[in-house]
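A quick write-up on the structure given underneath.
All figures in this text were calculated on a predicted structure; none of them were measured in a lab. Numbers here simply count residues along the sequence, with the first being 1. Every number for a ligand or one of its atoms is a count from 1 in the order of the listing.
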Amino acid sequence: MRYPLVHKNVKGFMHGGDYNPDQWLHMPEIIEEDYRLMKLANTNTFSLNIFGWSAIERTEGEFHFGWLDEIMDRLAEEGSHVILATPSGARPAWMSQKYPEVLRVEKNRVRNLHGLRHNHCFTSPVYREKVRIMNEKLAERYAHHPALIMWHISNEYGGECHCDLCQDAFRTWLKKKYDNDLEQLNQAWWTGFWSHRFNDWSQIESPAPHGESMVHGQNLDWRRFVSDQTIDFFKEEIVPLRKADASIPVTTNFMGNYPHMRPFLGIEYNKFASVMDVVTWDAYPPWHIEGQTTTKLASDVGFVHDLYRSLKDGQPFLIMENTPSLVNWHDINKRKEDGVHALSAVQSVAHGADSILYFQWRQGRGASEKFHGAVVDHSGSEHTRVFQEVSKLGAELDKIQPIAGTSIKPEVAVIFDWENQWAIDDAQALNNVNKKYSEQCQAHYHSFWKQGIPTDIITMDKDFSTYKVLVGPMLYMIRPGVAERIEAFVKAGGTFIATYWSGIVDENDLCFLGGFPGPLKNLLGVWAEEIDSLYPNHDIVLKTDSQTYQVTDYCERIHAVDADVLARFESGGYDQRPAVTVNQVGNGKAYYIASSNEQRFYDDFYQELAKECTLNRVLNTEIPEGVSVQKRTDGQTDYVFVMNFTDQAQTLQLPQEENYTNMLTDESVHNTLKMDPYQYMILKK
Ligand code: GAL
């Protein structure tokens, strides 16, 4: 299937990035030079005004749009598109000075000073009003501008505010959730614990290190409130924009967490995605970490791409920011080796991105981001390694234009769920340093990635019925209706894989009574009696008929009540206890894996499963370690991406009967693919 591109004026991939001419208004010759360089870099799209508030509203109520008019007009003349930002990510000093309520209050209940960015209260009526006025003016002025293709709402929403206004809003949110019934809340939060019972709503406050932090239901509701309040702020931001022209899409840039590649956890992005038109994210993984190959990292990055593609059920997402070379905020700011930037960009495209946009077009001359990578560095020259690589990539994106808008409909989904992660992180149990939830999801995902089996990453709220295989690692929280939907999926012929620490708590973080895995017990046919956290040097292994695998981190003592045992543990208290089970239910199967294991276990397990479930692979061939194969399709033409994430040459045998065209060289390709280190090929069939 082919999705419409972001805007009717966009013909293929967007290439460009964050452009901050507002920092250069006193040096117009630099801005003039930018237009020349933009052409040479083969770029076509720029995000403007992300932090432009103080350049527009220099004093309260006095608006200066002249500079922005000029830049927008000129970019239109030059044939570039503009993604225009609402500047609420940072506000002018006069506003913080005159209306301190716009400033954020931290957990310790101390109000921040003016400074940094992303430092505002989402509840403050004053802030909301100031943002509304600004957005109305932007909408009036630019909604019909020929350069405009999309609104970039604020920047990387995140963080929380604990001011009195937010406390009141939290209580209002709770009253609504618990039908104004404090007793309901007391039960949901299990407030009998340590004498926490409330008898008046006014006693409730947000969690704080010097106050309450041990009531998990409360922590969870606070996170839900913060997430909802942020989304509410976004919804208010877009009202004037929609009013001026509802056809211009809106987005905000989502984030990733590093060095462990996982999505940003502060906001429930699945909910957030439902109120925006396009999902976009800022990808800044560290590509070279000492002692590690890029292979697993590439797979972990692929996981996040797939997750963001899955948020809108396969609709292509955008890379709103990435660096062409290095960042300035990793511990060690290693540049991307030659070719790695283009490889990482092509990987984004392979997983469904329709843009490669940079932070930043030009390095700012001063302040904290002056050494952050950019397309144009302080030399101002196009004769740099980075500029040349960007320009070459731009030309390649032009060549593969028909791929934009295509997507993929995988047969496999791995469940990764924000609320589940919040609850797991909060639990005082297992390994309190890192429970490794996202790592566990990524370990399962990695086995599909290696085989070239496209995979969606979905929350437990999504429809499961379109998949053949559903993997739910550490499904600790089971919200109402989820177990029933998984059961229906299996009965209809699906294959479900669950692991240790599943079916433990309900949506309020209250433990299920009557044995784990709670509402999944009958489906899985097991009872998980105890879970153990392991030190690194334990001697427990998992044995199948032919193989022995090392158990890592966690091991459960389970009973196979109805399920068949496929593998057992060996040693100590676990000797001969079931380790992997399967339960046939209706037309499908439900597997249970009772321990966390070395990667080889998942690879072997999913290789067998892929055969059993006849899962389609992108290429039916041996894929060398470190090579990733992904696909996009419009239903007629398949676009196959072969990417070598190693610093070694690799060879791959194409299936005999298949002939492809290399889209970058126009040569036909069959039989053997020889890949240089970090090389990628984009093939068409
Ligand atoms: C992003 C942010 C950009 C820039 C970039 C640097 O998180 O949105 O404005 O600061 O990081 O890597």
*Looking just at side-chain N and O atoms, do Asn270 and Thr459 make a donor-acceptor pair shorter than 3.5 Å?*
yes
*Any luck finding a side-chain donor-acceptor pair between Ser299 and His446 under 3.5 Å?*
yes
Protein contact of [atom] - nearest heavy atom, named by residue and atom, plus distance:
atom                   : value
atom 3 (C) of ligand 1 : Glu321 OE1, 3.3 Å
atom 6 (C) of ligand 1 : His372 NE2, 3.1 Å
atom 9 (O) of ligand 1 : Arg117 NH1, 2.9 Å

*Hey, are Glu33 and Arg36 close enough for a salt bridge, meaning a charged N less than 4.0 Å from a carboxylate O?*
yes
Sub-4.0 Å atoms of ligand 1 with respect to non-hydrogen atoms of [X]:
X      : answer
Phe51  : 9 (O)
Trp329 : 6 (C), 12 (O)
Asn155 : 2 (C), 8 (O), 9 (O)

_Test of proximity, Asn328 against ligand 1: N or O pairs below 3.5 Å_ = no
*So, is Asp18 polar-close to ligand 1, with some N/O to N/O distance under 3.5 Å?*
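The answer is no, given that Asp18 and ligand 1 share no N or O pair closer than 3.5 Å.
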*Any donor-acceptor pair under 3.5 Å linking the side chain of His114 with the backbone of Pro100?*
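No, the answer is negative, given that no donor and acceptor are paired below the 3.5 Å cut-off.
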*Stepwise, does the side-chain hydrogen bond (donor to acceptor under 3.5 Å, both in side chains) test hold for Tyr157 with Glu237?*
CA-CA 12 Å; Tyr157 284 109; Glu237 278 219 43; 2.9 Å; yes
_Would Arg632 pass as a cation-pi partner of Phe641, given that its NZ or CZ must be under 6.0 Å from the six-membered ring centre and within 45 degrees of the axis?_
no
